[in-house]
Asks: 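Please find one structure pasted underneath; my questions will follow.
Counting starts at 1 for both ligands and their atoms, in listed order.
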Amino acid sequence: MNLFILGVTGNIGMQTLDIVRKSKGKYNVVAVSGNSNFEKMKDIIKEFSPKYVSMGKREDVNKLEKLYPNVEYGYGNDGLIKTAIYGDLGEDLVVNAVVGSIGLEPTINAIKKGRNIALANKETLVIGGEIINDLLDKFKVKLIPIDSEHSAIMQCLKNEDSSTIKNIIITASGGSFRDKTRKELENVTVKDALNHPNWSMGAKITIDSATMMNKGLEVIEAHYLFDVSYDKIKTVLHRESIIHSLVEFNDTSVIAHLGNPDMRVPINYALSYPNRTPYNGTSLDLVKLGSLHFEELSYEIYPLLKMAIEAGISKGLNPATLNAANEAAVSLFLNGKITFLQIEEIIRESLDKFENDLNITLKKILDRDLKVKDYILRKYS
Ligand code: MN
């Protein structure tokens, strides 16, 4: 199997390489893209010998070219897209593990080429779900989720008729601030926010978990992946992150997916889909675990969860506005320019300011993404 890994130097990218490493020759890393992590990319080229490498900036590519002259190179958005469509069609899989709306175009290009995609970039479906699903049908391409909840749901739905689904129940760990009051959230720091209790993830998604925007984006993602209406997609706070999600069927049977939180499990499943291949992780010890806990996910504590679901329901460009505002606001928070609670204020402001448009095209989505980010970054930097 040939792999084309976008965002290879990030958290999911590196864990994908770990699966490749352990599977001893089953996967061939053909093309990779990174952004600014030169040192990591240097090591990756040395270990995996990809044929094509792309970086965010040309300077990094020039330096890599001196060290590894036999590799083909690209950079920027063009290089990212080229990574997804590089070479001839064979037994291929694109792993899209970039963060943010920048992941949409390479996904679309890979689909048009007829290449299956293991998707960790949830923004692809959040902002482009309406376009993506039509393209998947047209080009007969499979989109396999890497997101742990969606991987779980897909496994619960295996061999089930989708018309028998009563509810999809997505679990949420609650993020770094699950025990804080609104008042306490006024003064939280970037360092506090990045300290996730269960999962080791990149900075953006860790902040999204703390605001619960991540769960809102995942509801939209589930809507498009499984073609289930929003009234049938529920969320529940589950502190232990042992149940990764559940599906209730029309006879009230509930099938859940359990396991210790380890992103390499859904990555391994996505790479070997529709088969299941061994992965030597830590087995779940139910006796040691003793009990599991569930609580309501309150819209009052997590207003961004509600805002995201409403944007999803309203369709059109609203999800793109919501997502762009969130990306910009989270980067401002990470850079110390705004407070944690300003993230939701800025997203609300953007949804009020930028009108919805139900008649969407790729161009309109990308345009909206740029405009919203530009507006926020100018105003708050
Ligand atoms: Mn997830």
Asks: Would you confirm whether the ring centroid of Tyr68 sits within less than 6.0 angstrom of the ring centroid of Tyr73?
Replies: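 Between Tyr73 and Tyr68, the centre distance exceeds or equals 6.0 Å.
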Asks: Going by side-chain hydrogen bond (donor to acceptor under 3.5 Å, both in side chains), His150 matches just one of Lys122, Glu221, His244, Gln155. Which one?
Replies: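 Going through Lys122, Glu221, His244, Gln155 one by one, the side-chain hydrogen bond (donor to acceptor under 3.5 Å, both in side chains) with His150 is satisfied by Glu221 alone.
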Asks: Hey, which of Asn116, Ile117, Ile111, Leu93 is the one that makes side-chain contact (heavy atoms from CB on, under 4.5 Å) with Lys142?
Replies: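 By the side-chain contact (heavy atoms from CB on, under 4.5 Å) criterion, Lys142 pairs with just one of Asn116, Ile117, Ile111, Leu93: Asn116.
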Asks: By atom name, which N, O or S atom belonging to Glu218 lies closest to the Mn ion (ligand 1)?
Replies: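 Relative to the Mn ion (ligand 1), the closest nitrogen, oxygen or sulfur of Glu218 carries the name OE2.
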Asks: For the Mn ion (ligand 1), find the closest N/O/S atom belonging to Asp147 and write down its atom name.
Replies: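 Nearest to the Mn ion (ligand 1) within Asp147's N, O and S set: OD1.
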Asks: Give a yes or no on whether the ring-centroid distance for Phe340 and Phe333 is below 6.0 angstrom.
Replies: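 Centroid separation for Phe340 and Phe333: below 6.0 Å.
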Asks: For the Mn ion (ligand 1), find the closest N/O/S atom on Glu149 and give its atom name.
Replies: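 Considering only N, O and S atoms, Glu149 comes nearest to the Mn ion (ligand 1) through OE1.
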